[in-house]
Amino acid sequence: MPALSDAILTLLDAVTSGGSPDEAAAALGALVPEGERARILPAVESARRELDGLRRREHELSALFSSARELVGLRDTDGVMTRLVERAHEMLGADVTYLSEFDPATRELRVRTTLGAVSAEFRSLVVPPGRGLVSTIVETRMPHAVSRYDDIEAGHHAAPIDAAVAAEGIVSMLGVPLRTETTVLGVLFVAMRQERTFTPEQIALLSALADHASVVLQTADTMRDLRRSEEEAREALEQLTAHLAERDRANTVHQELVGAVLGGGGFPPVAETLAATLDRPVLIVDEEGEVRASARDTAPLLNAWMAGEVASAVQESRRSGHVVPLDHGDERVHVAALAAGDRLFGAIVAGAGAFELGSLDVRTLERAAQVGALLALSHEAATEAAHQQQGDLVADILTAGPERGRDVAARARRFGVDLAVVDSLVLLAVPGERRLDVARSLARVLAGALVGTVDGYVAVLTDPTRSGADAAALAREASAVVRGPVVAVAGEGVSLATRFDTARRTARLLSALGVEEAVVSSDAFLPYAAVFDGDQRALGVFLDTTIGAVRRHDAERGTELLATLRAFVRSGASPTKTARALTFHPNTILQRLERLDRVLGEGWRDDERYFRLSLAVRLDELRERFTDPV
C-alpha cells in the first residue's frame with residue numbers, strides 16, 4: 001500500500017506544484033496497467049494546465065483590482081491618464097504603452113500620454129480620421145490587435161504614422177477603447193518591438209483596465225461639472241445677494257428721499273441719505289457750482305469740481321439723463337445732473353466708497369437727481385411766489401393810499417420788516433428783461449429789506465441799520481447780475497411814497513439825458529426833474545433851442561463859448577467872477593460875452609430868458625458829467 005500512496009502523492013504534486021509527468025508515470029508503472037496509465041496521465045496534465053490558468057487569472061484579477069483602487073483615488077484627468085498607462089505597461093509587460101485622446105469635433109486622435117517611447121515624433125503623433133489601427137478601434141468601439149504592424153490594411157496607413165511607428169521599432173500592437181455609452185474618449189495601446197500574438201485573456205485584461213479608467217474619467221468629469229455648477233451657483237447667489245442688497249438700499253433711499261421732500265428739509269437730507277445708504281461722500285451743487293448740500297468729507301469732490309473735471313460730466317449726464325462715471329485721481333466719482341426739460345439746476349457728485357456701485361445703486365443716484373431737480377423747481381416756485389408777494393407789497397407800500405396802511409404794515413411784518421424803521425428807498429434802472437433777476441438777487445442777499453419791481457424800476461426798501469446796503473452797493477450788486485451799467489437813485493422825502501416819486505422823476509430825467517450808469521440822490525436833480533419829468537423829446541428841444549446855437553458855433557469855429565457860458569452861470573452872471581474862474585483877463589470875458597450876444601441874440605441875460613438858459617446849462621453839464629467817458 002505504501003507504494004500506492006506514493007504514486008498518488010506524486011500525481012497530486014504534478015497537478016498542484018508543476019511536478020514532472022515522467023515522474024508521475026514512473027510512480028504508476030508497477031501499480032497500474034499500461035492502458036490505464038495512458039488514460040490517467042493526460043487527465044493529470046489537463047488538471048495542471050487548468051490550475052495554472054486559474055492562478056494566472058487570480059494574479060490578473062488581483063492586479064486589476066489594485067489598479068481600480070488606484071484609479072478611483074485619483075481626481076484629476078491627467079493623473080488618471082498617466083496611471084492608466086503605467087498600470088497597462090506593467091500588467092502586460094509592454095515595450096511601449098500610450099493613450100490617444102479622441103477629438104469628437106475633428107475626429108482626430110492625439111497621443112496624450114506615453115511610457116517607453118523614445119522618439120519625439122511618436123509622443124506628438126496626431127492620427128487623422130480613418131487612418132491607423134486606432135481609427136478602426138474608434139469606429140468599431142471594439143479592441144483590435146495585430147501581430148505585425150505591416151498587416152494593417154493599406155488604406156489605413158499614413159506616412160506620418162508609419163514613420164513614427166518605425167522610429168519606435170514597434171511590431172505588434174493591441175488597442176482597446178475608453179468609452180462611455182454614447183462616445184469614445186480615447187484608445188489605450190500596448191506595443192511590442194518584437195512579434196507577439198495577444199491572447200484573449202490579455203485583451204480582456206486591458207479592456208477591463210480601460211473600462212475602469214473610463215468610469216473614473218466620467219466620474220472626474222462629473223465631479224468637475226458639479227464643482228463648476230457649484231461655483232456658478234455660488235456666483236449666482238452672490239450676485240443675487242448683492243442685487244437684493246442694492247434693492248434694499250434703493251428702497252431705503254427712495255423712502256427717505258420722499259420723506260425729505262415731504263418734510264421740507266431741502267437738499268441737506270438728500271445728501272445725508274445718499275451718503276449713509278451708499279457709504280460714500282456726497283456733494284450737491286447748483287448750476288453755478290455753489291454748494292447746496294454736502295455729507296462726509298467732500299474736499300476731494302470740491303477739488304474735482306474746482307478743477308473743472310466735473311463740468312463736462314455734468315453736461316454729458318444732462319444730455320443722456322444717466323449717471324456719468326468719472327475717474328478723479330485714484331478714485332471713481334459718479335456725477336448725476338439735476339435737470340428738468342432744458343433747465344439745469346446743478347448736480348449730485350458721489351465719491352468713492354467701500355463698494356462699487358451696482359446698476360440699482362446707479363439708478364438710485366439717477367432717481368435722487370430727479371428728486372433734486374423737483375426740489376429745485378419747488379424751491380424756485382416757492383421763491384418766485386414769495387418774491388411776487390414781496391413785489392406786490394412793495395408796490396402797495398409806494399402807491400397805495402393811507403387807508404390801506406394798516407393792512408400793508410401787517411403784510412410787511414410777515415416778511416420780517418417793520419415799516420416804521422424803513423427809511424431808505426433806492427430805485428434801480430436796469431434792462432427790462434433783467435429786472436426780475438436783479439430783484440431776486442437783491443432779495444437773497446439783503447436782510448431786513450423789501451425788493452420788488454414797480455413802474456419799470458427795481459425798488460429796494462431798506463432799514464440801513466440792518467441791511468447795511470447803500471445806493472452804491474446796490475448798484476454794484478445789480479451791475480454784477482446784468483453784467484452792464486446800472487442807474488441807482490436814492491429817493492429823498494418825508495415819506496416812502498414821496499421818496500419813490502422824487503426818485504422816479506430823477507431816474508426818468510437821467511434816462512432822458514442818455515445817462516446809463518450813475519449813483520445819485522434825487523435831491524440833486526429835484527428842480528430839473530420837477531420841470532421835465534423824463535420827457536426826453538421835450539428836454540431835447542429845450543436844450544437845443546436854448547444853447548444849441550452855442551454848441552454849434554463852437555463846433556464850427558473851434559471856440560469855447562459854451563465853457564464861458566457855463567462859468568458865467570455858475571458865477572452868478574458876474575463877468576469879473578467868470579474871469580477869475582477861467583483865469584482869463586476880464587476884457588477877454590467881455591469880448592466872449594459880446595460874441596454870445598451875437599450867437600444867442602440880445603436879451604439873453606434878461607430874467608426869464610436867463611433862467612431858462614441857466615437851467616439848460618446845468619442840465620447839459622449833468623448830462624456831460626454822466627455820459628462823457630473819462
Side-chain angles (χ1 to χ4, degrees), residues 245-246 248-318 320-340 343-358 360-383 440-441 443-445 447:
E246 281 188 61
D248 290 342
R249 289 196 297 270
N251 290 335
T252 300
V253 170
H254 178 72
Q255 294 173 4
E256 294 186 1
L257 288 179
V258 170
V261 174
L262 296 179
F267 287 97
V270 174
E272 292 291 346
T273 297
L274 288 175
T277 307
L278 302 180
D279 194 18
R280 63 198 63 230
V282 173
L283 175 68
I284 304 179
V285 296
D286 64 14
E287 61 273 24
E288 301 297 331
E290 297 296 327
V291 176
R292 290 184 183 269
S294 64
R296 302 196 179 183
D297 181 15
T298 57
L301 302 181
L302 284 171
N303 292 337
W305 181 270
M306 296 302 294
E309 298 177 12
V310 179
S312 59
V314 171
Q315 294 302 324
E316 183 178 347
S317 175
R318 179 185 182 183
S320 67
H322 298 294
V323 168
V324 174
L326 175 68
D327 290 326
H328 173 61
D330 297 331
E331 295 185 349
R332 171 60 63 91
V333 173
H334 290 81
V335 180
L338 306 182
R343 298 284 306 280
L344 177 66
F345 299 101
I348 296 176
V349 186
F355 57 88
E356 290 293 327
L357 294 184
L360 277 178
D361 295 322
V362 170
R363 286 197 290 275
T364 296
L365 267 180
E366 292 171 352
R367 284 196 293 270
Q370 293 172 351
V371 170
L374 290 175
L375 273 177
L377 282 171
S378 176
H379 288 178
E380 187 177 84
T383 302
R440 293 190 188 103
S441 177
R444 283 197 302 267
V445 300

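Predicted model, so just to flag it, every value in this text is computed and none were measured.
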Derivation of the side-chain contact (heavy atoms from CB on, under 4.5 Å) call for Arg280 and Leu357: CA-CA 10 Å; Arg280 63 198 63 230; Leu357 294 184; 3.4 Å; yes

Of all heavy-atom pairs linking Ala313 and Val324, the shortest is O-CG2, 3.8 Å

State, with a plain yes or no, whether a side-chain heavy atom of Leu365 is found less than 4.5 Å away from one of Leu278. yes

With the side chain counted from C-beta on, respond yes when Ile348 and Leu283 share a heavy-atom pair under 4.5 Å apart, and no when they do not. no

Ala373 and Ala339: which non-hydrogen atoms are nearest, and at how many Å? CB-O, 3.6 Å

With rounding to the nearest 0.5 angstrom, report the CG to CZ distance, Leu344 to Arg318. 4.5 Å

With rounding to the nearest 0.5 Å, note down the distance linking NE2 in His322 to NE2 in His334. 14.0 Å

Between Ala293 and Ala271, the two heavy atoms sitting closest are CB-CB, 4.1 Å

Going by heavy atoms in the side chains, are Arg296 and Leu274 under 4.5 Å from each other? no

Looking only at non-hydrogen atoms, find the nearest pair between Leu338 and Ala347 and report the distance. CG-N, 3.7 Å

For the residue pair Asp279 and Phe355, establish whether any side-chain heavy-atom pair is separated by less than 4.5 Å. yes

Tell me every residue that passes side-chain hydrogen bond (donor to acceptor under 3.5 Å, both in side chains) with Arg332, counting only those two or more places apart in sequence or in another chain. Asp327

To the closest 0.5 Å, what do you measure between CD (Gln315) and OG (Ser320)? 11.0 Å

If the test is side-chain contact (heavy atoms from CB on, under 4.5 Å), which one of Leu375, Val291, Asp286 qualifies with Phe267? Leu375

Would Leu326 and Val349 satisfy side-chain contact (heavy atoms from CB on, under 4.5 Å), going step by step from the backbone distance to the final call? CA-CA 10 Å; Leu326 175 68; Val349 186; over 6 Å; no

Non-hydrogen side-chain atoms of Val335 and Val323 separated by less than 4.5 Å: no

Kindly indicate whether the side chain of Val270, heavy atoms from C-beta on, has any atom under 4.5 Å from the side chain of Ile284. yes

